[in-house]
Protein chains: 2
Amino acid sequence: MIEGVRSVTTIKDVAQHAGVSTATVSRVLNGHAAPTPETRTRVLAAVEELGYRPNALARSLRTTSTKTLGLVISDLVNPFFAEIARAVEEEARAHGYCVIVANADESADQLLTYVRTLLDRRVDGLLVCPATDDPSWLAEVEQRGVPLVLLDRTVPDASCPVVRADGAQALADLAEALKAAGHQRVGVIAGPPDTSTGRERLEQFARGGLDLRVVHGDFRRESGARAAAELLDAPDRPTALVAMDNLMGLGALEELRRRGLTVPADVGLAVYDDQPWFPLLDPPITVIAQPTVEMGHAAARSLLALVAGEQPADVQLTARLVVRGSCGEATGAA
Amino acid sequence: MIEGVRSVTTIKDVAQHAGVSTATVSRVLNGHAAPTPETRTRVLAAVEELGYRPNALARSLRTTSTKTLGLVISDLVNPFFAEIARAVEEEARAHGYCVIVANADESADQLLTYVRTLLDRRVDGLLVCPATDDPSWLAEVEQRGVPLVLLDRTVPDASCPVVRADGAQALADLAEALKAAGHQRVGVIAGPPDTSTGRERLEQFARGGLDLRVVHGDFRRESGARAAAELLDAPDRPTALVAMDNLMGLGALEELRRRGLTVPADVGLAVYDDQPWFPLLDPPITVIAQPTVEMGHAAARSLLALVAGEQPADVQLTARLVVRGSCGEATGAA
DNA sequence: CGATCACGTGGTATCGATTACAGGGGCGTA
DNA sequence: TACGCCCCTGTAATCGATACCACGTGATCG
């Protein structure tokens, strides 16, 4: 398996083959000015014949535009983020942009590394779901003057557009639904206190007037199981659990199953973030659903606007409560 | 919000600031040769002070190496591929490589587009999960002489390393398990006939000696529901369904639920690809589990070996049957 | 009929890095 | 003291494209 000669067809080869200058080839390829239809066809023929494809690196170096957006998400295997990534990519592609997806794995270090890598590659814009509040990476982005949009989560003093889903009302509704079903002591499997979503969801839910026990997880599956275990082992066990993220919800479910506890008879359950399989469980899980696809689309649009020199406003979508059954029935008592 | 001056710190600025030539700066940054410790520190100080970061585009243009791998997957929201993507990226990162993930959305057109885009950006190697058998994109990759490794699926005449999971034994085991549980007429929700995995899984399962009804889906959720509906509406309804992919399995489950059919009492079910939530269903779903993480790691390793000029062999991992309960109990009768 | 204009085209500088080559200074050795 | 070698450094070519500028030619207008 001798490696074929690496095809090094450059614009120069095309020019030579077509009997024109490289400048002309470039003009034809970029639809610039107006080369004669005849030269145009000659050049295109040469391109075709040689199978020429322009070197995007060289082009970007010269034009300082890569037609590429960077997307840093906190966890690729979290379906919530996977869906967002897909939506972002879809919207970007529709506008002729390509997306580089980087996976920070909920680690601040890796986030910084990736932000740097993406900046080094001169992405035209950056979309970030911050892993933590740590804003050290922000300075680098701002210094380089690269358009930035935050997605899902915020960081303390970011002066850039933010796209998120507001769950305040949904969380209030959830609190009401829990009360209506007779729950008072509720165990919360919260997100990390150093993430905006972790804090906010907890805070907003806390306004619901329930008696909360809180354990913080890290938005991942194992932490959900651990947190559930801790809450269930407490002396006055909560009558319901609320997981503030779908993966932690999954972990909690696993723990409940391990203990042979029935939902909602033994303990109620609600989860932030809907998943297609939640309705399939018995009972189907009550959730707070976020408009992930819209979030992704909106974020990409905002970033592209920013890249184009506009000043997009923040986007605030709304999450909504979907009552299914895992919290129990509302008792007749008001 | 006046946009700050886009920081254009180049190697020239660093050189000037440190009172050396650009060549020296480059040498320091690349650990080349041996600049005096003193100049070295002076250069590094300048780098630090100016917050200089090399332009990866320019560097790659010159060195013809991007330290980047391209990964084209068929569907980012399919957790199977998401997990593979994560594993690939993890392994690549450990070797100092960055991964550009492209999502073909099970479309051959989009796959071709992305392969081109990635080649244009001069990735050092390409990892592809082909959406279909259509091998038109292959020629372009080979012509450019870019190292290529196929992942999960094959295409007809690819002369490159392939990393996959062999499910022949698992499918045979599944057939046995179904028979043992008293199933004879089995409905198969197969993958597209123009994908290697679609064909192979069906073919291998067909060797199990069951009476099969086959409907082809497209590896996505909706098609799973449609196929299930079709199979269940047939005059002699199968007593069990087998979905050859987790998303189609999800769709099938939804359809069963819609019809109020109980698993496994009314109809048995098994799915190819395990998912963390399958054990949580009642009854838990019997699956064929693939070693996704290992596949991703192996694929990245193979590609990196190829990039390094070695000749990695094909990797054949094995999928295995995990019997849970959704196919019913084995009856005493042999 | 001569001057001007416009258009198509080629030459060449440039983007920001790497690297081959050449030169200068210090040191060791004869 | 003089020669030579080696090490460090700078100069400049180069990667592959784009874009500014200038030039030649054919058309137009006065």
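For clarity, every value in this text was computed on a predicted model and none was experimentally measured.
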Student: Rounded to the nearest Å, what distance is computed from the CG atom of residue A:L57 to the C1' atom of nucleotide C:dG16?
Tutor: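 Distance check: A:L57 CG to C:dG16 C1' gives 12 Å.
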Student: Indicate whether the side chain of A:S196 and that of A:R164 have a donor and an acceptor atom separated by less than 3.5 Å.
Tutor: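 Side chains of A:S196 and A:R164: no pair found under 3.5 Å.
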Student: Give the dot-bracket line for DNA chain C from 5' end to 3' end: parentheses for intra-strand Watson-Crick or G-U pairs under 3.5 Å, square brackets for crossings, | for inter-strand pairing, dots for unpaired.
Tutor: ||||||||||||||||||||||||||||||
Student: CZ of A:R40 versus C1' of C:dG8: gap in Å, rounded?
Tutor: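 Computing the A:R40:CZ to C:dG8:C1' distance gives 12 Å.
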Student: Could you give the CD1-to-C1' distance, from B:I11 to D:dT9, as a whole number of Å?
Tutor: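 Answer to the nearest Å: 14 Å.
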Student: Compare side-chain N and O positions of B:T39 against OP1 and OP2 of D:dT9 and report whether any pair is under 4.0 Å apart.
Tutor: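 Yes, such a contact exists.
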Student: So does B:S65 get a backbone contact from the side chain of B:S60, meaning a donor-acceptor N/O pair under 3.5 Å?
Tutor: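 Between the backbone of B:S65 and the side chain of B:S60 there is a qualifying donor-acceptor contact (under 3.5 Å).
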Student: Can you tell me the distance, in whole Å, between the CG atom of A:L61 and the P atom of D:dG16?
Tutor: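 Between P of D:dG16 and CG of A:L61: 12 Å.
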Student: Nearest whole Å is fine: how far is D:dG16 C1' from A:L50 CG?
Tutor: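 To the nearest whole Å, that distance equals 15 Å.
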Student: Side chain of A:N55 only, please: which of D:dG16, C:dG16, D:dG10 is the nearest?
Tutor: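 Given the options D:dG16, C:dG16, D:dG10, the side chain of A:N55 is closest to D:dG16.
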Student: Between B:S26 and B:T22 (side chain of the first, backbone of the second, donor and acceptor by atom type, cut-off under 3.5 Å), is there such a pair?
Tutor: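 No, B:S26 side chain to B:T22 backbone: no donor-acceptor pair under 3.5 Å.
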Student: Do the charged groups of A:R153 and A:D194 touch, with an N to O distance under 4.0 Å?
Tutor: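 Between A:D194 and A:R153 there is no salt bridge, as every charged N stays at least 4.0 Å from the carboxylate O atoms.
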Student: Which residues satisfy the side-chain hydrogen bond (donor to acceptor under 3.5 Å, both in side chains) test with A:H297, sequence neighbours excluded?
Tutor: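 Only A:E90 meet the side-chain hydrogen bond (donor to acceptor under 3.5 Å, both in side chains) criterion with A:H297.
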Student: Taking side-chain hydrogen bond (donor to acceptor under 3.5 Å, both in side chains) as the definition, give me every residue that meets it alongside B:S136, ordered by chain and number, with sequence neighbours left out.
Tutor: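 With sequence neighbours excluded, B:S136 shows a side-chain hydrogen bond (donor to acceptor under 3.5 Å, both in side chains) to B:D134, given in chain and number order.
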Student: For A:T292, what residues pass the side-chain hydrogen bond (donor to acceptor under 3.5 Å, both in side chains) criterion, not counting sequence neighbours?
Tutor: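 Expected list: A:E83.
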Student: What's the CD-P distance between A:E38 and D:dT25, to the nearest Å?
Tutor: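 For the pair A:E38 CD and D:dT25 P, the rounded distance is 17 Å.
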Student: Contact class for A:V20 (heavy atom, under 4.0 Å): base, sugar-phosphate, or nothing?
Tutor: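 If one applies the 4.0 Å heavy-atom cut-off, A:V20 turns out to touch the sugar-phosphate alone, with no base involved.
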Student: Figure out the CZ/C1' separation between A:R122 and D:dA17, and round it to whole Å.
Tutor: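 Interatomic distance, CZ of A:R122 to C1' of D:dA17: 17 Å.
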Student: By nearest nucleotide on DNA chain D, pick out whichever of B:G19 and A:L29 is the more 5' one.
Tutor: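 The residue mapped nearer the 5' terminus is B:G19.
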Student: Under 4.0 Å: is that the gap between some side-chain N or O of A:S21 and OP1 or OP2 of C:dG10?
Tutor: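 Answer yes for this pair, as a side-chain N or O of A:S21 is under 4.0 Å from OP1 or OP2.
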Student: Looking at residues at least two apart in the chain, or sitting in another chain, which of them share a side-chain hydrogen bond (donor to acceptor under 3.5 Å, both in side chains) with B:N103?
Tutor: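 Per chain and number, B:N103 pairs via side-chain hydrogen bond (donor to acceptor under 3.5 Å, both in side chains) with no residue.
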Student: Taking CZ from A:R42 and P from C:dG8, how many angstroms apart are they, rounded to a whole number?
Tutor: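 So the two atoms are 14 Å apart, to the nearest Å.
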Student: What's touching nucleotides 19-24 of chain D from the protein side, N or O pairs under 3.5 Å?
Tutor:
residue: D:dA19; atom: OP2; partner: A:H32; partner atom: NE2; Å: 3.4

Student: Tell me whether A:D105 contacts the main-chain N or O of A:S107 through its side chain, where contact means a donor paired with an acceptor under 3.5 Å.
Tutor: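 No, A:D105 side chain to A:S107 backbone: no donor-acceptor pair under 3.5 Å.
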